Each structure stands twice: as structure tokens, then as C-alpha cells.
Amino acid sequence: MEELVKVSLDNEMDLILAHKRTMKLAELASLSLASQTTFATAVSEVARYAMEQGTRPQLTLGAITSPKKHYLAACIEDPNLPVANPLHQGLLYAQRLVEKLEIASSEKGNRITLYYNLPPSRKINATHLTNWRSQFSTDLPLSAYDEIKNKNEQLQELAGRLQDSEQHYKRVTDALPLMIFTANQAGQLLYANAWVGEFTGHSIQNLNQTRWAKVMHPDDYSAYWKEWTRQAAKGLPFQYQCRLREQASQAYQWHLFSALPVTNEPAPVAAWTGFAVNIHAQKIVGQTLQEKEELALAKSKLEQSQRELQATVSELNRSNAELSQFAYVASHDLQEPLRKIQAFGDLLITQYAPKLDESGTDLITRMQSAAVRMKVLVKDLLAYSRLTTQQQPFEALNLNQIFSEVLVDLETSILQKQATIETQDLPVIQGDALQLRQLFQNLLSNALKFSKPGQHPVIQISTSILPASQLPAVIVPNGSPTYAFISITDNGIGFEQKYEDRIFRLFQRLHGLSQYQGTGIGLAICKKVIDNHQGYITVRSQPHHGSTFMIYLPTESHLNSAQGSGK
């Protein structure tokens, strides 16, 4: 095909331009207005299809001559132009308007060619083709858009040539094993060859933003920039030796920076061009002694850190041993005397009550009440200590089952309070069943205990699964891709939000024993369980408006056993 004119198909304006160009070609071939319109319509249909289905379609208009027939031709090419079978409706319509519609594939993509047959009386020769090319190249633009597009194509061609020149310069400089750069008056890089990025591991943008702070040795940094500022202000050549950190080895190596000012009127200095060459071999002898001293110091610090670590481990083992001993004492030595005190108190009340006056009976009753409180306190302390001393390997747990067991244990309290428990379907997570049961039991017990007088408790449990990326900023992810979010909301008495941290500590109470029974350990147990599961717990509350406890638990554990992480 003899090519006459090309049109890039980028937008609707290009479709109009393609239609006008096709009409112009048909007019030059002396076709009737009806034939011009028919050919242009077929080309427009295929061009629109290519714009909708392809990525970078281009239309080429031309002519095809043979001994028997002469054609006007339109070829639409695109590297990603799908052509389905059966043909698209637009392609079928175009096919009916022309002599032939041909579809071909190549390494460059698909190509659709339209052939419009010329009458035998209208032959095309070389003179015609020359004149037609001249018409398309010298005629005034068909529109203001056409003129802008032509100028843009010329600018793109000039930009391509400039880019080729720049690429050649980059290939030459990238082949050299030293840093070559161009910088402005402030020392920011305008250009740098590939060796700068390969050696430092940083982009030009990052080096400019950090002013080489992550690459240059701290001992050389301030002096380097002080010297650069002084020389740049005077427009004098710059030269300085400093250490740069190599990305591959993370070791500092000595380099010599040299830069010359490039003048360009009217500015006295337009830029600085220079290089940085590795001179580490020249410095290696003196550096060796310094490295030995640093190595000796590092070794000393490492040995000190090991000693401190061993001491910390020993202290931790001792603390665990004491905690285990405490658990034993709490479960045996403390509970046994309490049982005797309670037994003797019961004996006094049942057998000697007639012999006691009212004051004596009151004292025994108060003694029994104190013994009960002491027994509850010992039991709670024992439960808290077991969270550290008797941990079990994590396993997959259905929280619905654990929650159901807790409801059975609290059935009496729920019936007495006439409480309503509303819950959603809870997820499956990795955890310790006993600890999680303690968690839910303490939270539900508190919601029942701290209900408003004369009002039935309503407790709502809701849950959702969150990706680790959506966790609150205070939570440090443990590696689990998802977290179970569980909220427990009640309509109880609530408390001041300022006590949020206090309530999770041991023995912290916001109400007196005369109002609400308890030891102040329940929520501390909840916090310990959450820590052991590498989760997070917080609370929102307001006096007389209830409380909402919010729990975040990883659905997957990366520990072999339930070890607390300490949030």
C-alpha cells in the first residue's frame, strides 16, 4: 500500500480528523459525494471500534494499484486490538460498505484493512500519489485541533531526538565505575549516573530529600556541607574527601568529591558538574588501626550486653520461681487456715450462739464475712498467677462454644438479674481455652454486677474480622493477617473515662465493698489474658450510660505457647 497520511486515534477529535482525511482522499480520487461518504463512514466505524477496544490505534490512509484494479485503502493497526469471531456489529457494517475488509495478525498486533474499489475510469498513477501527498502535507490544517496536533507531533519528535541524545550520554556515564553528577547551587542532584544508585542504594530524590544523611558518614557530614556552601557562594571549584556507605556491604568507603561550576549567562553559575571517585585503597592503612579499636569496643559492648542479658534471665527465672511458690502457698498454706477459721466460726454460731450476747454474735459474723472475702481474694490471686505459671499450647478454638459454657456458669446470676444477652456469631481463633473462658466470664460477671438498680441488664456482644492494616495505631501487629474484634456493651452504671487505665490494674476498685463485692482483680485477669494472646483491650464508658469493652485478638498465633507479649 502506498501510504499518504497517518492519523493517531486518541480521542473523539481524532475520529473527526480521520473522517475528514478520508473524505479528502476520496475527493482527490474524484469519487462522488455519496462514495466519499460511504468510504469515510466505513473507516469511521473501524476507527471507533479500535479506539474502544485497543490501546494505541493508528490509521493509515493510502492507495493500492494493480494491473486489474485500483483501491483506496485504510489500515488501522494496534498492538492490543482484539478481533472476535463473529465480528463486532460496527465491523460488519463497515464490511458491507467497502469492497473488502481484511484482518491480519503480526508481532505488532492486529491490523484491519479496508479496500474501496475505484471505477475503471479512475486509475491511480505515480503523479496522482505525489500530488495527493503534497495536498496532505501543504494544505492548511482541517481544524485548529489538527494544527495543534501537528505541532505536538513535531515537538514529540524533537523531544525524542533530545531523549536519544540524553540516553547516549547516560549510557556513556553509566558505563564508568565512578559517580558522575550534576548539582545545583544548593548541592541537590540534577542528574546522576547509575553508579550513584548502585553504590548508595538510594534514588536521586531520596538523596536530595535527606541531603545524603543516610549515606555520608556522620563525622564527615557537617564539614562536607559547610565546605560546599562556602565554595558554591564564591563560585569556586569544590573538592572534599568523605566516607560514603556502600549499600551492598553497608561499610563506609572513602571518596573524593570534585565539582566545577558551569556558567551560563545571565546567572553566574548555572550548575555544578563533577564526580566522586573511590579512594578507599589509599586510606586503608590508617583505617585498619581505627577499625581494630572499634572492633575491640564493639566486642566489649557485646560482652557487656550478654552479661546484662544473663542477669536479666536469671532475675526472670527467680521471679517465676517466686511466683510459682506463691501460687503453691496461696492454694494450700493460705486456704487451709481460712477453712479452719470458717469452720470454727460456723461451730461458734451453731453450738454457742445462745451463750453469746448480741455483740459477740456480731463479731463472729463479721469474722466470717472477712474470711469469705479473704478466700475470694486468694482464689482470684491464684487465678491471676496461673496465667503466667500454667500456660498451655494454643489451639484452634470456636469462641461460640466457650461463650456458651460461660453463659451456663452464669445462669443463676443471669436469671436473678433477669438479664438479656444478645450475641453475634463469634469467630475461630488460636488461643488457650481456659484463659479465654476466664476473660469472658469476668467481663460478663462485671456487666451483671454493675447493673443499674431497678433496671434489667442488657448485654450486647458484637464481632467482626479486621485485616491487620486496619488496626488502631496503638496495636503492634504480631504477624497475624487478621484480627477478631469483639465488643461487649452493657447498660450498667458506667464510670468516668479518666479511670480507663486504672481499672485494669491489680486491686483497683472504683466502688466500695459496701456497694459492690469484689477484689479488684477481675479486669486485671482480663488484661493478662489479652496480653498472653498478643491482643489489645480497651474500654469506653460514661457514668449512668454503661460501658463498652473492646477486644482485639489475632486469629492466628505465631507462638508455640501462650506467652504474654506485654502490650
Side-chain angles (χ1 to χ4, degrees), residues 1-64 71-106 108-117 132-160 163:
M1 182 177 74
E2 293 288 343
E3 296 183 1
L4 297 174
V5 64
K6 288 182 179 290
V7 178
S8 297
L9 301 174
D10 298 324
N11 50 51
E12 291 293 330
M13 291 297 295
D14 289 330
L15 278 178
I16 297 174
L17 183 59
H19 183 82
K20 290 184 177 181
R21 293 295 193 194
T22 307
M23 290 286 290
K24 179 68 174 180
L25 176 59
E27 179 185 356
L28 292 173
S30 301
L31 293 179
S32 65
L33 181 59
S35 297
Q36 294 175 28
T37 304
T38 300
F39 183 42
T41 301
V43 172
S44 295
E45 287 293 336
V46 179
R48 181 175 295 279
Y49 172 80
M51 285 181 58
E52 293 175 351
Q53 304 296 328
T55 55
R56 298 189 304 276
Q58 185 174 58
L59 166 66
T60 303
L61 295 175
I64 298 176
Y71 300 94
L72 294 183
C75 178
I76 293 91
E77 295 180 289
D78 189 278
N80 297 292
L81 180 60
V83 180
N85 187 14
L87 292 178
H88 183 269
Q89 184 177 358
L91 298 183
L92 288 173
Y93 180 58
Q95 188 178 38
R96 290 194 294 268
L97 297 177
V98 296
E99 180 73 17
K100 181 172 62 172
L101 184 147
E102 181 180 77
I103 300 172
S105 299
S106 66
K108 297 181 178 180
N110 282 333
R111 180 174 67 250
I112 302 176
T113 305
L114 299 175
Y115 298 84
Y116 194 84
N117 188 25
W132 294 354
R133 288 193 184 95
S134 176
Q135 285 280 342
F136 283 117
S137 62
T138 60
D139 280 356
L140 292 175
L142 298 178
S143 65
Y145 172 78
D146 190 14
E147 183 177 5
I148 294 173
K149 188 175 183 68
N150 289 337
K151 291 184 180 296
N152 184 56
E153 290 175 353
Q154 293 174 6
L155 289 175
Q156 288 179 349
E157 182 181 359
L158 291 175
Q163 186 177 13

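These numbers were taken from a predicted model, which means no experiment stands behind them. Below, each value reflects all heavy atoms present in this structure, side chains not excepted, and no hydrogens, waters or symmetry copies.
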Let me confirm one number: the [atom1]-[atom2] distance from [X] to [Y], rounded to the nearest 0.5 Å.
X: Met1; Y: Leu61; atom1: CE; atom2: CG; result: 8.0 Å
X: Asn110; Y: Gln53; atom1: CG; atom2: CD; result: 11.5 Å
X: Ile112; Y: Ile103; atom1: CD1; atom2: CD1; result: 5.5 Å
X: Asn117; Y: Ile64; atom1: CG; atom2: CD1; result: 11.0 Å
X: Asp78; Y: Met51; atom1: CG; atom2: CE; result: 11.0 Å
X: Asp14; Y: Gln58; atom1: CG; atom2: CD; result: 10.5 Å

Considering residues at least two apart in sequence or located in another chain, which fulfil the side-chain contact (heavy atoms from CB on, under 4.5 Å) criterion with Ile16?
Met13, Lys20

Give the ring-plane orientation class for His88 versus Tyr49, where under 30° counts as parallel, over 60° as perpendicular and anything between as tilted.
tilted

Among residues at least two apart in sequence or on other chains, which ones pass salt bridge (charged side-chain N to carboxylate O under 4.0 Å, His left out) with Arg56?
none

Show the nearest heavy-atom pair for residues [X] and [Y], with the distance to one decimal.
X: Leu25; Y: Gly62; answer: CD2-O, 3.8 Å
X: Leu72; Y: Ala26; answer: CD1-CA, 3.8 Å
X: Ala50; Y: Ile76; answer: CB-CG2, 3.5 Å

With a 4.5 Å cut-off on side-chain heavy atoms, are Leu81 and Pro57 touching?
no

For a 4.5 angstrom cut-off between non-hydrogen side-chain atoms, does Leu4 reach Leu28?
no

Which pairs would a plain distance check flag for residues 34-48, meaning a side-chain donor or acceptor within less than 3.5 Å of a matching protein atom at least two apart in sequence or in another chain?
unit_1 : atom_1 : unit_2 : atom_2 : d
Ser35  : OG     : Ser32  : OG     : 3.1
Ser35  : OG     : Tyr116 : OH     : 3.4
Gln36  : NE2    : Leu31  : O      : 2.9
Thr37  : OG1    : Leu33  : O      : 2.9
Thr38  : OG1    : Ala34  : O      : 2.8
Thr41  : OG1    : Thr37  : O      : 2.6
Ser44  : OG     : His19  : ND1    : 3.2
Ser44  : OG     : Ala40  : O      : 2.9
Arg48  : NH1    : Glu12  : OE2    : 3.3

